[in-house]
Amino acid sequence: MADKKVLTVDNINPHIRDMEYAVRGRLAIRAEEIRDELAQGRKFPFNTVVSCNIGNPQQLNQKPITFFRQVASLCENPDLLTADKEPIVSQLYPKDAIDRARQILKDIGAGIGAYSHSQGVPALRKAVASFIAERDGHPADPNSIYLTQGASAGVQNILSILTENEKTGILIPIPQYPLYSATLTLLGATPVPYYLDEDSGWSLDVEEIRKTVHEARSKGTDVRALVIINPGNPTGQCLDAQNMQDILTFCHTERLVLLADEVYQTNIYEPEQRPFVSFKKALKEHPERDAIELVSFHSISKGMIGECGRRGGYFECCNLDSGVMAQLYKMASVSLCPNVSGQIMTALMVTPPKQGEPSYALYQNEMTGLYESLRRRSKKLEAVFNDMEGVTCQPAMGSMYLFPRIRLPPKAIAKAAELKVLPDAFYADQMLEATGVCVVPGSGFAQKEGTWHFRSTFLPPEELFDDFCGNLRKFHADFMATYN
Ligand code: DCS
């Protein structure tokens, strides 16, 4: 008995044991192993592993936005801002980057090595509020904004405060980004899945959700919030303004808090046909603008910025009860504060260089270049998928992913059963071993029963994109030839 550990997998928090997160699951772990084996000289049919399982742009060589890093680096090393260094530093950094860093350090006061206000530095929250006001044409209150370590931390906090007990039900889309299902498992709350309709471009039918709510309530689930990911992950759809009004009315009549995950709000690829509208703006245009409870999330990880590793973002609360707001503040204060570097990047995201400032042209160039390239890559990969035998793929109106549906031959399904893996996981395993491309099987996001998908980012660098597409085409043709 002496060598038996006190803590074992059998006696840990069972919610953690049950939690699943496929974006960094078994396949991603195997991809890392292959990466190590390649480095040690082992031969594979490819030279590099391409991580298309995760929306992590800088891992796939996307360059950071110059101005943001200039300001961030000066904030990290305020020694560079002393008068004696000015002659050197002014040659290395544009004046607006220097001025901005000075201003941010002044706003922060104690410097970035000190804990800040638990909600985030007030001046940086004010910058976020101004951004929201300008984006939506309606004011925002800095005291209703929390700066967070990525949107993930905000979502976890809000789901946590929403969970009264195991009967608490939260509506999550299927397919969904597994942060939601995983967090609800951890909290012991009840996920209430509602389905997006693939054939109509992953659209959301309010009447279908209403049926789901009534059914769950009739079985004793206390459904109290609706999660909407817009633009969608993994599905890439973008909601239209009328649909959003209907969703708000639905939340009001069914008494639901609306959680709007808007981390892909600048990854919009059909801006004329389907521009991004924030739920905050939609709320302000709704007759029940002062009643409907809304929390919306944003992040520095996505867009053209892709500063995933810095962990920054925010959420804004509208119409929440003041007592709940006080409890939310208490929760944030237990973690002391979000990391200050992430707060700085969040503030930079919302206040980029303006026209007339020295860094404006370069900033615009970098952002537009990245945006156009992402858009081209999304269209190219979509066409490649739609050209494959048995594959259909809805366009990405937004986000960083495509989620093609694959119709697998019976022989492939039988082989997967023999190996005791799901058919889409088998397909993704084979793809990784043949091409080095790591994707996520659709089962990691949940999908309509009997359908199989996978999710791939379109983030591989443009100069390698044709090779990447060619490898996928060849793999799929070989796979179908083997199992047909
Ligand atoms: N919400 C959605 C819809 C996301 O896709 C992600 C990250 C997050 C929240 C959390 O992001 P941050 O915590 O970094 O702000 N997307 C994951 C994904 O599917 N691939 O990469 C990470």
Side-chain angles (χ1 to χ4, degrees), residues 20-25 27-28 31 50-60 62 120 128 146-159 170 172-184 196 202 204 226-239 259-268 276 278-279 295-316 335 338-339 341-343 345-346 349-350 374 396-403 428 438-446 453-460:
E20 286 180 27
Y21 183 70
V23 171
R24 284 201 152 158
L27 216 76
V50 187
S51 300
C52 288
N53 56 310
I54 189 159
N56 194 7
Q58 295 191 21
Q59 183 189 35
L60 292 174
Q62 182 174 304
V128 172
Y146 278 75
L147 302 184
T148 57
Q149 312 221 122
S152 307
V155 168
Q156 285 159 348
N157 271 354
I158 296 293
L159 290 178
I170 312 286
I172 57 170
I174 301 295
Q176 53 108 30
Y177 172 50
L179 163 68
Y180 291 93
S181 48
T183 306
L184 293 176
L196 303 174
W202 298 111
L204 182 160
L226 166 65
V227 172
I228 303 244
I229 307 174
N230 182 46
N233 174 10
T235 41
Q237 85 287 4
C238 185
L239 294 175
L259 308 185
D261 183 330
E262 299 177 335
V263 301
Y264 297 103
Q265 60 188 266
T266 56
N267 297 100
I268 297 289
F276 170 75
S278 74
F279 261 112
V295 184
S296 30
F297 303 88
H298 195 13
S299 168
I300 59 169
S301 300
K302 311 296 170 185
M304 273 48 77
I305 304 173
E307 291 278 7
C308 305
R310 278 179 191 268
R311 314 308 294 129
Y314 71 83
F315 63 82
E316 183 193 15
S335 305
N339 81 81
S341 307
Q343 295 188 46
M345 193 54 71
T346 306
M349 167 175 80
V350 298
L374 273 176
M397 290 180 191
S399 88
M400 296 178 169
Y401 317 98
L402 288 164
F403 195 60
C438 182
V439 297
V440 186
S443 41
F445 307 92
H453 299 78
F454 65 90
R455 186 193 79 170
S456 177
T457 69
F458 38 84
L459 294 171

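Each ligand, and each atom within it, is numbered from 1 in the order the structure gives.
- Atom 19 (O) of ligand 1 has as its closest protein heavy atom Arg455 NH1, 2.7 Å.
- Annotation for ligand 1: atoms under 4.0 Å from non-hydrogen atoms of Ser299 are 12 (P), 15 (O).
- Under the 30°/60° scheme for interplanar angles, the aromatic rings of Tyr146 and Phe315 are found to lie parallel.
- What sits closest to atom 13 (O) of ligand 1 on the protein, heavy atoms only, is Ser152 OG, 2.5 Å.
- For Gln149, no nitrogen or oxygen atom sits less than 3.5 Å from a nitrogen or oxygen atom of ligand 1, counting backbone and side chain alike.
- Ring orientation note: the planes of Phe403 and His453 are close to parallel, at an angle under 30° on the 30°/60° scale.
- Checked by distance only, ligand 1 and Tyr21 stay at 3.5 Å or farther apart across all their nitrogen or oxygen atoms.
- Closest heavy-atom contact between Ile54 and Arg455: CA-NH2, 3.9 Å.
- At least one N or O atom of Ala151 sits closer than 3.5 Å to an N or O atom of ligand 1.
- Both the backbone and the side chain of Ile54 come within contact range of ligand 1, each with a heavy atom under 4.0 Å.
- Between Tyr180 and Ile229, some side-chain heavy-atom pair lies under the 4.5 Å cut-off.
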Carefully, step by step, assess Leu196 and Thr235 under the rule side chain to side chain contact (heavy atoms under 4.5 Å, CB included). CA-CA 9 Å; Leu196 303 174; Thr235 41; 4.0 Å; yes
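- Among protein heavy atoms, atom 6 (C) of ligand 1 sits closest to Tyr177 CE2, 3.4 Å.
- Using a 4.5 Å heavy-atom threshold, the side chains of Leu159 and Leu259 count as touching.
- When the heavy atoms of Val263, Thr457, Asp261, Asn53 are ranked by distance to atom 1 (N) of ligand 1, first place goes to Asp261.
- Between Tyr264 and ligand 1, a contact under 3.5 Å exists for at least one N or O pair.
- Of all protein heavy atoms, the one lying nearest to atom 18 (C) of ligand 1 is Tyr401 OH, 3.3 Å.
- Rounded to the nearest 0.5 angstrom, Ile268 CD1 and Asn230 CG are separated by 7.0 Å.
- At a 3.5 angstrom cut-off on N or O pairs, Asn56 does not count as close to ligand 1.
- Under the 4.0 angstrom criterion for non-hydrogen atoms, Arg311 is in contact with ligand 1.
- Between Leu204 atom CG and Leu226 atom CG the span is 7.5 Å, to the nearest 0.5 Å.
- For ligand 1 and Ile229, the ligand atoms under 4.0 Å from any heavy atom of the residue are 3 (C).
- Summary of contacts: the protein heavy atom closest to atom 16 (N) of ligand 1 is Lys302 NZ, 3.2 Å.
- Remark: minimum distance from atom 14 (O) of ligand 1 to any protein heavy atom is reached at Ser301 OG, 2.6 Å.
- The contact set between ligand 1 and Gly150, taken as ligand atoms under 4.0 Å from a residue heavy atom, comprises 12 (P), 13 (O), 15 (O).
- Nearest to atom 21 (O) of ligand 1 by heavy atom, out of Pro57, Gly55, Gly232, is Gly55.
- With a 4.5 Å cut-off on side-chain heavy atoms, Cys308 and Gln58 do not count as touching.
- In this model, a donor atom of one side chain and an acceptor atom of the other lie less than 3.5 Å apart for Ser181 and Gln176.
- Residue Gln59 qualifies as enclosed at atom CD: its count of foreign heavy atoms under 6.0 Å is above 12.
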